[in-house]
Number of protein chains: 2
Amino acid sequence: MTMVVTLKEVAERAGVSRSAVSRAFTDGASVSDKMRRKVEKAARELGYSPNALASSLTTGRTKLIGLVSNNFHNPIFLEVFDLFTRGLQDRGLRPLLVNLTDETDPENSVRMLRQYSVDGVVVASSTLPPGFAKAFRDARVPVVHSFGRYSSAPQVHVVGIDNMECGRMAVRELAARGHKKIAFLGGPETATSTQDRLSGFMQEVAQHPKIKAAYSYANAYSFEAGRHEMLRLLEQPNHAEAYFCGDDVLSIGALSAIRERGLSVPDDIGILGLNDMEMSGWENINLTTIHQPIRQIITSSIELMVAMLDEPDRYPEARIFPCSVVERGTLKLITK
Amino acid sequence: MTMVVTLKEVAERAGVSRSAVSRAFTDGASVSDKMRRKVEKAARELGYSPNALASSLTTGRTKLIGLVSNNFHNPIFLEVFDLFTRGLQDRGLRPLLVNLTDETDPENSVRMLRQYSVDGVVVASSTLPPGFAKAFRDARVPVVHSFGRYSSAPQVHVVGIDNMECGRMAVRELAARGHKKIAFLGGPETATSTQDRLSGFMQEVAQHPKIKAAYSYANAYSFEAGRHEMLRLLEQPNHAEAYFCGDDVLSIGALSAIRERGLSVPDDIGILGLNDMEMSGWENINLTTIHQPIRQIITSSIELMVAMLDEPDRYPEARIFPCSVVERGTLKLITK
DNA sequence: ACAATATTTGCAACCGGTTGCAAAATTTCA
DNA sequence: TGAAATTTTGCAACCGGTTGCAAATATTGT
């Protein structure tokens with residue numbers, strides 16, 4: 001159909017064996033310069049390029065990496081996909097993108113990715129349960145869980161941040177600005193990132209006897225969810241002075257709700273986000289937020305994946321990167 | 001290494017031939033119920049699932065679709081990737097994501113995608129020259145250029161909008177609101193979408209003798225580029241009353257610049273965008289814009305791709321979807 | 001110039017499946 | 001019940017490459 005040139009035809013044209021052609025195209029193989037030139041000439045004339053899938057059959061390596069996620073409504077994930085695809089490409093790996101939105105069962109995706117013999121899988125999500133990543137490990141395919149839950153006994157490789165510490169950091173930050181009545185507006189209750197941020201948040205609150213804290217959840221990491229939850233909160237008799245939102249996009253939704261109700265930020269209500277996505281720095285958003293070093297997380301995830309390709313049974317580790325507050329316009333300045 | 005179960009082992013366990021196992025897993029094949037049950041039992045016990053890549057070798061179909069783009073800084077593309085990946089998955093196709101940022105030469109990507117024997121390629125970009133899509137056609141791989149340039153003599157399948165008509169529509173819209181001094185703030189000059197929108201814009205301006213029009217370009221479809229160009233324009237002695245920006249993200253950048261200069265929208269300056277991405281509807285953005293029906297464009301692109309898999313030499317067509325203005329807060333209301 | 005050594009090449013089997021064809025088994029019908 | 005028609009099964013070759021091994025060729029040292 002597609003008239004694709006095969007190795008055999010190149011061999012015939014060059015008047016050499018098929019193995020010779022194969023060797024000319026695999027570096028490190030034993031080929032003389034003369035032979036290589038002869039083969040390359042024939043290949044060029046025929047427009048040949050080797051079939052990566054056929055060769056994977058014998059080499060056992062496809063250079064395909066499953067990139068699975070379910071965050072297609074959080075703008076930070078555009079940055080995530082950009083960094084992942086470029087990083088993988090730069091190392092000669094190909095991302096097979098899997099959209100897990102609405103998928104509750106790891107089975108299907110595991111099966112599918114095994115059918116395509118991916119060399120490894122990157123699970124890029126904090127809203128997918130840890131069991132999802134583990135399912136890949138159980139199927140004996142190397143897996144890195146980026147933005148996953150850090151645990152003292154990691155079952156799979158995790159690269160991300162310390163979400164509990166972020167929760168604590170948020171409270172310290174709000175406390176330093178003199179807020180006495182604060183709240184956590186989390187993402188979906190089932191997301192490990194939400195759970196951990198909340199638990200760090202509450203842990204730190206316990207250290208500040210004068211601070212009153214509350215919490216509630218949005219049902220997704222999305223603008224609409226944040227807006228909806230904040231509208232609900234504003235209908236309650238006495239809302240908090242400042243909110244730590246579990247994500248920037250949630251924060252932006254909350255900001256929208258607050259302004260719609262005629263309140264002003266940061267004077268009436270303060271907002272602290274988490275992620276520091278590109279958009280949060282835009283002047284029309286200007287969100288004070290905790291920076292998550294996604295560039296480093298992704299680079300490190302890829303390096304870890306590459307290392308695992310050589311050493312599949314590598315002992316699992318967690319790579320945790322520190323976060324820090326970036327000061328913009330949605331939180332009052334610190335009063336000294 | 002990965003202890004993967006092969007068809008041969010299933011055959012041995014079930015006590016049947018290898019072909020029998022193969023047939024049990026391809027629907028439409030001639031197998032008795034008894035045989036199928038026997039094979040399925042053995043397969044289940046062994047945890048077998050067929051190797052899609054190996055079978056592609058003989059069937060000539062990988063069900064892999066290259067999804068190539070270079071728009072990783074325009075939030076609308078998160079929606080685009082979401083819709084494409086889900087749409088492809090729903091039809092049993094797998095998106096192989098290719099990030100063409102910084103890539104100027106189609107050669108590499110064509111070669112790479114051929115090595116992986118993709119069944120087809122979707123080029124999702126209006127900032128990639130038409131030659132990019134054509135390179136795939138020349139390599140005899142089915143290609144659909146989504147968001148591509150509509151031409152009366154299409155060389156490849158194009159699914160998108162009539163960009164010239166959008167330009168005209170923008171002028172009519174601004175004229176109807178009584179603006180006499182308008183301008184087009186385009187994306188990169190090399191993007192066909194920019195060229196066409198500008199040419200439609202100018203064409204329509206010629207129909208309105210009282211209207212004065214100018215135009216300039218941002219160097220990318222991104223927030224920063226839009227903001228930067230608008231800041232530059234505001235330094236000129238007399239800027240326009242209303243701008244048609246070639247994209248929503250550009251518009252948002254422009255809004256940020258305008259407000260930073262202490263001007264108000266839409267009273268001092270009006271902005272009309274194009275795309276109607278999710279974010280444009282957010283209350284803190286609230287952009288008046290021309291809606292591009294991306295959902296329909298993507299559904300149609302996928303349907304076209306599926307059709308081409310059966311009929312690779314299908315006569316090229318252009319599928320054009322109408323756009324329409326969605327009224328929000330960045331343009332004065334029409335004065336009757 | 002010749003033997004010893006090192007490098008390059010081709011043969012043939014294999015990777016994990018699919019498929020045309022003919023033999024074997026089953027069903028249909030008289 | 002038996003022959004004809006139909007369905008199911010297995011054999012063997014093939015898809016496009018890779019690789020261990022032995023034969024062929026080239027290089028080195030004396």
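Proteins get letters first, then strands, A, B, ... in listed order; numbering begins at 1 in each.
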Compile the donor-acceptor pairs under 3.5 Å between side chains in residues 104-113 of chain B and protein atoms, sequence neighbours left out, one pair per line.
from     : atom 1 : to       : atom 2 : distance (Å)
B:Asp105 : OD1    : B:Glu107 : N      : 3.1
B:Asn108 : OD1    : B:Arg111 : NH2    : 3.0
B:Asn108 : ND2    : B:Glu103 : OE2    : 3.0
B:Ser109 : OG     : B:Pro106 : O      : 3.0

Show me the donor-acceptor pairs, under 3.5 Å and distance only, between side chains in residues 57-64 of chain A and residues at least two apart or in other chains.
from    : atom 1 : to       : atom 2 : distance (Å)
A:Thr58 : OG1    : A:Ser55  : O      : 3.2
A:Thr59 : OG1    : A:Ser55  : O      : 3.0
A:Thr59 : OG1    : A:Arg61  : N      : 3.3
A:Arg61 : NH2    : A:Leu309 : O      : 2.4
A:Thr62 : OG1    : A:Leu64  : N      : 3.2
A:Thr62 : OG1    : A:Ser117 : O      : 2.8
A:Thr62 : OG1    : A:Asp119 : OD1    : 3.2

Would you give me the side-chain donor-acceptor pairs under 3.5 Å for residues 89-100 of chain A, sequence neighbours excluded?
from    : atom 1 : to       : atom 2 : distance (Å)
A:Gln89 : OE1    : B:Asn99  : N      : 2.7
A:Gln89 : NE2    : B:Asn99  : O      : 3.1
A:Asn99 : OD1    : A:Thr101 : N      : 3.0
A:Asn99 : OD1    : A:Thr101 : OG1    : 2.5
A:Asn99 : ND2    : B:Asp82  : OD1    : 2.7
A:Asn99 : ND2    : B:Thr85  : OG1    : 3.0

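Residues from residues 29-43 of chain B with heavy atoms under 4.0 angstrom of DNA chain C: there are none.
Spacing between atom CZ of B:Arg114 and atom P of D:dG17 amounts to 11 Å, rounded to whole angstrom units. In this structure, A:Tyr116 places its OH atom 13 Å from P of C:dG17, rounding to the nearest Å. In this structure, B:Glu12 places its CD atom 13 Å from P of C:dG17, rounding to the nearest Å.
Not counting sequence neighbours, A:Glu9 has no partner by the salt bridge (Lys or Arg N to Asp or Glu O under 4.0 Å) test. Under the rule for a side chain to side chain contact (heavy atoms under 4.5 Å, CB included), the partners of B:Thr299 that lie at least two apart in sequence or sit in another chain are B:Glu303. Under the side chain to side chain donor-acceptor pair (under 3.5 Å) criterion, B:Ser193 pairs with B:Ser126, B:Tyr221, not counting sequence neighbours.
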Between protein and nucleotides 11-16 of chain D, map the contacts as a letter string: B base, S sugar-phosphate only, - none, heavy atoms under 4.0 Å, written 5' to 3'.
-> BB--BB

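Within the structure, side-chain hydrogen bond (donor to acceptor under 3.5 Å, both in side chains) contacts touching residues 17-31 of chain A (residues at least two apart or in different chains) are A:Ser17-A:Ser19.
A salt bridge between B:Glu45 and B:Lys41 is present, with a side-chain N of the basic residue lying under 4.0 Å from a carboxylate O of the acidic one.
Out of D:dG10, D:dT18, C:dT18, the shortest distance to the side chain of A:Thr26 is found at D:dT18.
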